[in-house]
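Read the structure below first, then the notes.
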Amino acid sequence: MATVGRALLILALAVAAYGIFASIYGARSGRTQWIVSGRRAVYAIAALVTGAFAILEVAFLRSDFTFATVAAHSSTTTPAFYRAAAAWSSQEGSLLLWLWLLSLWASLVLFLTRRTLRRVAPYATAVLLGLAAFFAGLLVFLETPFGLSPIVPLEGNGLNPLLRHPSMMIHPPMLYSGYTLFAIPFAFAIGALITRQVGAADWIRSTRRFALGAWFFLGIGILLGARWSYAELGWGGYWAWDPVENASLLPWLTGTAFLHSIMLQEKRGMLRIWNVSLVLATGILAVLGTFLVRSGILDSIHAFGASTLGVPFVILIGLLVASSIGLVVWRREALRSENKLDSPLSREAVFLANNLVLVAMAFVVFWGTFWPLIAEAFTGTRRALGPPWFDRYTVPLAIVLVLLSGIGPVIAWRRATAANARRNFVVPGLVALGAGALLAVSGAADKPLALAMFVCGAFVVASVGQEFWRGVGVRRAMTGEGPLGALVSLVARNRRRYGGYLVHVGMALLFVGVAASTAFDAARDIRMAPGQTTRVAGYDFTYVKPTSKISTTTDGELEKISFGAIVDVHRDGRKITTLRPERGYFPSRDIEGLGAIGRFFEGEATSEVGLKAGMRRDLWTAMTPDIRALLPAIRQGDRVFEAAAGKLTPQTQARALGAALTGLVNRYSADPPPATFRVIASPLVSWIWLGAIVVFIGALIAMWPGGDAARRRVTAGYAARVSKDLARDDLARV
Amino acid sequence: MQPARKRKIRLVVALSAAVLLACALVVTSLGASREVVTPSELATAQAGVAYQLTGKVQEGSLRSSGSGVDFLVRDRDGTKAVPVAYTGAIPDAFREGREVIITVRKQADTFVGERDSLITKCPSKFTEDATQRS
């Protein structure tokens, strides 16, 4: 089947090459049949790559070790769910996933636009096929997922235990969906530039939902990575400014910027050069993100140790950058804005400021990420920047961003008046100041940046809450519905607007959680024996007793040996919770040269965090047992089994091994050595995950298909009502 | 004012702001960044200066010390190794033979790791020839 898979990829490459020619020739000559043929090439590639991906998946599910990648990344003892997901834990599998997702999304957008955008679509098709050809080329010539094992092993290496976590399995497809979906607006922007259609808003309308989808999936991917890091890794953090994390953040930031600025182009014909530049930059940054993970060019916790992909990616990115800049310069006359900014106190100006802040953040992150290469180019030595440098710039920018996300929804278009300001900003302003004063006297004044973020967060929640309140009031007055019914129909009739507002509230909650958990967390690393207690942020963590267990797979194979602890947490003498951190030792895959018992302690080790999450505070602990005390017994056991090699039947050997391991585990529990604990009490971490859920619900509402006509009706009705209110205010003032 | 002249002034202001920001970034980046070095490049290390050290944890060198660990970091493709004393969070994937990145400062004959600066490269992303060999 490997040969069939490889043949499908070669065929996909050939079809992509043909499709590029057909699309461009069709567009230049005006022959529709060639354009249709180019589009069908995309569908064909989707079918071919689906076939190739299915072959790889079946190989993983069947543990077919004739495939070298299956032998290297899976095993018969890996649970079925993780076997299916192990396909993209490899370099070649993840590139195939990229190509597969790109082909599916490209097919969807080209199908949906088959009767519209007749001039732009053929060039967009060629661009999408160009990207598909690039990845198909990598998979055919450099990193094939269908390579054969030189000697077929009886058992594979298995999926790394650290990755055996549901969120880690969903994280890559989410990120890749985000990256590949951002290729859609990129391709259509190129098409619009070539055909001088860039001023029109129809290509933006047609691809807006894909851009929002990209933003949505990339955001979920980033959040899942952060959540996995916090709940699964033994360091207690969720963001480390690692180059690969940064690489995923870059297109998300510029994507957020253009999702806002395209509204100005749609409504007022403004910022065309800016918009198209942002769309192009986002598409290129999405490819750059893939490049950073895949090339190992920067020292990262994620980077591959060695890779042959650096040069092709540099060529691709260089080509994309040069052609994007060239096209924008070439079409600069067609990109002139229809309207100018009427006032710095207007929604347009706030959108522009929001864009500048987001782009500045993206620039800072880009600069810090690539600083090692920049410094090497200019000074001859590689230099790296740590998290404090990133925090210095991104924290103030994030505060301004949150503030703007509260102002944007309520400030008037074109020019805000004093009446508009009074009507929209007095209540949110008072709420924010009140919250700030309360928090300042409660001790938050020690951390001014965090306090500023809390004030801005309160302002956003109040201003968006006020919008919902008014909207519900208008609907109730118009239709006589109950409050809940009015709220539901308000949102349903203008999903894009109210979905967007929910996203703003979610982001405010998320940023408040980040500010609180970084400014006010308390952490301690301490070595404790059973019975000992340590105090962190007023909480007493007591190591009560050790735990130990042997876990087996459903096939009866030993999966891991775990040593853990029962930790009671008290505050002012009152018991709060019991935490159960553990460290699991997975047997080494390399059985050569290791003892029969020793190999169970020479493989990967993973932490199971003890976590009590709460809306006010998370209590978090991870532990590392000191297993040195067991080493003499382990070595002695190894010697015994070595001496008995060949004298025992496999069944007897397995029974003896089980008994020896049980004895070791019991010995640890009976006479536990001290263990090293990391203990953290961190406020409002749950707000980050809660905020993310609100963001994604809001984005789903905004993305949901349909409702445009209803939206226009309700917008007109609402605008009339607001105008009436404003006129009444003005009259009252006179 | 003529619209063209207005545009020019706006462009100059925007470009000046961009240049100023770039200068600020360069200055703070130079001041805040640490030289990325391999163990053999630490031979000329100055005491008290922070370096970002990358290399592999030498087999058989890992020892526990109080609430921290001591180990040797050697060149990725060589034998030169330096002693490192570290206290702080230890990544799950950390073990002998693994590639690590750690911020260190020279103190007497050893290099003291900055608290919580130790990271171990994600083993899932390693290719066989580059990492499993040690």
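Letters A, B, ... are given to chains in the order of the sequence lines, protein chains preceding strands, and every chain is numbered from 1. What you see below is based on every heavy atom in this structure, not just the backbone, and it leaves out hydrogens, waters and symmetry mates. Please read these numbers as outputs of a predicted model, since none were measured by experiment.
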Which pair of non-hydrogen atoms, one from B:P39 and one from B:T54, has the smallest distance, and what is that distance?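 Distance-wise, the nearest heavy atoms are CD-O, 3.3 Å.
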Under a 4.5 Å heavy-atom cut-off, does chain A meet the side chain of B:V37, its backbone, both or neither? neither
Would you check if the side chain of A:Y238 reaches a backbone N or O of A:W228 as a donor-acceptor pair within less than 3.5 Å?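 Judged by distance alone, no pair lies under 3.5 Å.
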Max heavy-atom pair count under 4.5 Å with chain B, selected residue of A:P674, A:A375, A:G368, A:S607: A:S607
By a 4.5 Å heavy-atom criterion (distance strictly below it), what part of [X] contacts chain B: side chain, backbone, both, or neither?
X      : value
A:T381 : side chain
A:F363 : side chain
A:Y393 : side chain
A:A384 : both

Using non-hydrogen atoms and a limit below 4.5 Å, what part of residues 12-22 of chain B faces chain A?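 Within residues 12-22 of chain B, the residues under 4.5 Å from chain A are B:L21.
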Do A:W389 and B:S33 have a side chain donor and acceptor closer than 3.5 Å?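 Absent: no donor and acceptor within the cut-off.
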Under the rule for side chain to side chain donor-acceptor pair (under 3.5 Å), what residues qualify as partners of A:S682, not counting sequence neighbours? none
[Y] side chain reached by [X] side chain, heavy atoms, under 4.5 Å:
X      : Y      : result
B:I102 : B:V84  : yes
A:F563 : A:P673 : no
A:L292 : A:T369 : yes

Centre-to-centre under 6.0 Å for B:F71 and B:F94, is that the case here?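 Between B:F71 and B:F94, the centre distance is under 6.0 Å.
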Indicate yes or no: does B:R34 engage B:E114 in a salt bridge with an N to O separation below 4.0 Å. yes
